[in-house]
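The structure appears right after this line, and notes come after that.
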Number of protein chains: 2
Amino acid sequence: MTRLPGKTVERLSEYRRTLLECLIEKKSFIFSHDLAARLHITAVQVRRDLMLIGYSSVLRKGYDVRELIDTIGKIIDSEESMNVAVIGIGNLGRAVAGYFKGKRSKLSLVASFDNDPQKVNKVISGVKCYPYSEIERVVKELDIKIAILTVPPDFAREISEETVRFGIKGILNFTTIPLNVPSGVHLEEYDMITSIEKVAYFVKDNKI
Amino acid sequence: MTRLPGKTVERLSEYRRTLLECLIEKKSFIFSHDLAARLHITAVQVRRDLMLIGYSSVLRKGYDVRELIDTIGKIIDSEESMNVAVIGIGNLGRAVAGYFKGKRSKLSLVASFDNDPQKVNKVISGVKCYPYSEIERVVKELDIKIAILTVPPDFAREISEETVRFGIKGILNFTTIPLNVPSGVHLEEYDMITSIEKVAYFVKDNKI
DNA sequence: TGAGGGATGTTAATAATTTAACAATAAATC
DNA sequence: GATTTATTGTTAAATTATTAACATCCCTCA
């Protein structure tokens, strides 16, 4: 499978979650326009994305929900479970950790890190919290591949460099500090403040 | 000023924050390539964005940091302060609220909402928490224009419709439920799970 | 059995975004 | 003072992403 556009990967993730809801509704087949409507995108978009992953519908019945879930899984999931750590277990860190709780998927949250003595060596949001000094040992021993960075801005750069040195292959950076990582490591950044200011821009003077 | 591309607006927000750091460093002028490097983008990108907002450098000295901060402010900020509410004051809501604390900007967090009796009518992360039943009154009385949605998924649709009915003009949706809003209301959505799964996709088989 | 319809897969067109190219400018250097 | 150098603003090109167009399929119903 050739490398998919990032935007398509994002939508595949959303398709899968929508399809899982369909399963709950006992819906076995779904048309492109129905799936599209649930996500507020166009049916063409859906069909084009599914074309890219080579999935075909059952004619006149739409897409087989269960089969499509599996197909998307084969594309975006790793074979084996991939281990994730949340670094910085403040409000945002706990929120992120919460998303993993009770979900069984190919992504397992296996550790968190923080230096707050109130948190260290306790189980928080379902996962043990280690001090930053143990990042090297824990990342290596637990074979952690992805780090979600929710630390205060001042630590962001240092911690990201460390984790990369210890074998992390993907970082999701929620701090306001832009990071850079060596090639071979995937970096995804999200900045809430930017999003908020963007909304404000479009609201002001009703630029819509 | 004609409507700017969304991506440019996002970067303007980032430029401004980077420039504020420059001020702290007592840096009065900055070259496009320096600003670009700090954000890990290209100098052309910076120059093009600034062209769009019609800001010119002082020749051979680069951009006047303070002046550019003001210029960006004039573009992306509203004249008067704009009021914001966080709806759902769980971990994520508190994290978002935290970003506003102590910052003086044209965006003011003036209320939060939640139904948890432990939270209602208390001040949390610097802002009073009201029960959902008071959304109408509070949104109108405090003239709240932007809602940041951090409620559990089941409430998302209902609450978003309410807030719009009561006068909200912009929504930043952090729930996993895709919303739709009438035209005239700006919607910005961010889905953490999608980001995490995207990182995992690019990490697996090292698709980088 | 064949015409009509509804949905798909795919190619082509359009739109949005980023990157490149380069002339213009003035400070620095000789 | 001429020449080199560094940086900008802007137009043009390339890339990426979305939307439209349409032939195709086969089910339905006459």
Side-chain angles (χ1 to χ4, degrees), chain A residues 1-15 19 22 27-65 67-68 71-72 75 178 188-189 194 198 201-202 207-208, chain B residues 1-15 19 22 27-65 67-68 71-72 75 178 188-189 194 198 201-202 207-208:
Chain A
M1 170 68 60
T2 168
R3 200 170 165 283
L4 296 169
K7 290 291 177 70
T8 295
V9 176
E10 289 176 17
R11 283 189 298 264
L12 288 175
S13 161
E14 286 159 9
Y15 296 158
L19 293 165
C22 292
K27 207 171 156 67
S28 314
F29 291 90
I30 191 170
F31 296 125
S32 61
H33 58 82
D34 187 357
L35 183 50
R38 287 163 184 250
L39 290 161
H40 307 121
I41 59 175
T42 68
V44 187
Q45 187 81 264
V46 171
R47 296 207 302 272
R48 222 183 173 294
D49 286 333
L50 298 189
M51 185 196 88
L52 289 179
I53 65 170
Y55 184 74
S56 288
S57 67
V58 178
L59 244 150
R60 293 288 293 175
K61 294 182 72 177
Y63 302 99
D64 182 316
V65 172
E67 221 174 75
L68 183 48
T71 305
I72 292 176
I75 309 262
E188 193 75 25
E189 310 204 272
T194 292
K198 187 179 176 193
Y201 169 77
F202 284 104
K207 284 193 198 300
I208 304 180
Chain B
M1 170 67 59
T2 166
R3 199 169 166 284
L4 297 168
K7 290 291 176 71
T8 295
V9 176
E10 289 176 16
R11 281 189 299 262
L12 288 175
S13 161
E14 285 159 9
Y15 296 158
L19 292 166
C22 292
K27 207 171 156 67
S28 313
F29 291 89
I30 190 169
F31 295 127
S32 61
H33 57 81
D34 187 356
L35 183 50
R38 286 163 184 252
L39 290 160
H40 307 120
I41 60 175
T42 68
V44 187
Q45 186 81 264
V46 171
R47 297 207 301 273
R48 224 183 170 294
D49 286 333
L50 298 189
M51 187 196 89
L52 289 180
I53 66 170
Y55 184 73
S56 287
S57 68
V58 178
L59 244 151
R60 292 288 292 177
K61 294 183 71 180
Y63 302 99
D64 183 315
V65 173
E67 221 174 77
L68 183 47
T71 305
I72 292 176
I75 309 262
E188 192 76 24
E189 311 205 89
T194 292
K198 188 179 174 191
Y201 169 77
F202 284 104
K207 282 194 201 298
I208 306 182

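Both backbone and side-chain heavy atoms feed into the values below; hydrogens, waters and symmetry mates do not. Letters go in sequence order (proteins before strands), and every chain restarts at 1.
The one candidate from Thr8(A), Ile41(A), Ile30(A) that meets the side chain to side chain contact (heavy atoms under 4.5 Å, CB included) condition with Tyr15(A) is Ile41(A).
Considering only side-chain N and O atoms, Gln45(A) lies under 4.0 angstrom from the phosphate OP1 or OP2 of dT19(D).
Whole-Å rounding puts the His33(B) NE2 to dT7(D) P distance at 4 Å. The nearest whole Å value for the distance from the CG atom in Leu12(B) to the P atom in dT17(C) is 13 Å. Rounded to whole Å, atom P of dT28(D) lies 11 Å from atom NZ of Lys61(A). Here the P atom of nucleotide dT16(D) and the CD atom of Glu10(A) are 16 Å apart, to the nearest Å. In this structure, Leu52(A) places its CG atom 11 Å from P of dA17(D), rounding to the nearest Å. The NZ-C1' distance, from Lys7(A) to dT18(C), rounds to 13 Å in whole Å. Between Phe31(B) atom CZ and dA26(C) atom C1' the separation is 12 Å, expressed in whole Å. Here the C1' atom of nucleotide dG9(D) and the CD1 atom of Ile53(B) are 13 Å apart, to the nearest Å.
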All N/O contacts under 3.5 Å from nucleotides 9-11 of chain C to the protein, with atom names and distances to one decimal?
{"residue": "dG9(C)", "atom": "OP1", "partner": "Ser57(A)", "partner atom": "N", "Å": "2.7"}
{"residue": "dG9(C)", "atom": "OP2", "partner": "Tyr63(A)", "partner atom": "OH", "Å": "2.8"}
{"residue": "dG9(C)", "atom": "N7", "partner": "Arg47(A)", "partner atom": "NE", "Å": "3.0"}
{"residue": "dG9(C)", "atom": "O6", "partner": "Arg47(A)", "partner atom": "NH2", "Å": "2.9"}

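Put simply, the side chain of Leu4(B) reaches to within 4.5 Å of the side chain of Leu12(B), judged on heavy atoms. Side-chain atoms of Asp49(A) and Tyr55(A), non-hydrogen and from C-beta on, never get closer than 4.5 Å to each other. When side chains are defined from C-beta on, Val46(B) does not count as touching Leu39(B), because their heavy atoms never get closer than 4.5 Å.
In this structure, Ser32(B) reaches the sugar-phosphate backbone alone: every heavy-atom distance under 4.0 Å involves primed, P, OP1 or OP2 atoms, never a base.
Judged as a side chain to side chain contact (heavy atoms under 4.5 Å, CB included), and not counting sequence neighbours, Ala37(A) has no contacts.
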Could you go through Asp34(B) and Phe29(B), starting from their C-alpha distance and side-chain angles, then the distance that decides it, and tell me whether this counts as side chain to side chain contact (heavy atoms under 4.5 Å, CB included)? CA-CA 10 Å; Asp34(B) 187 356; Phe29(B) 291 89; over 6 Å; no
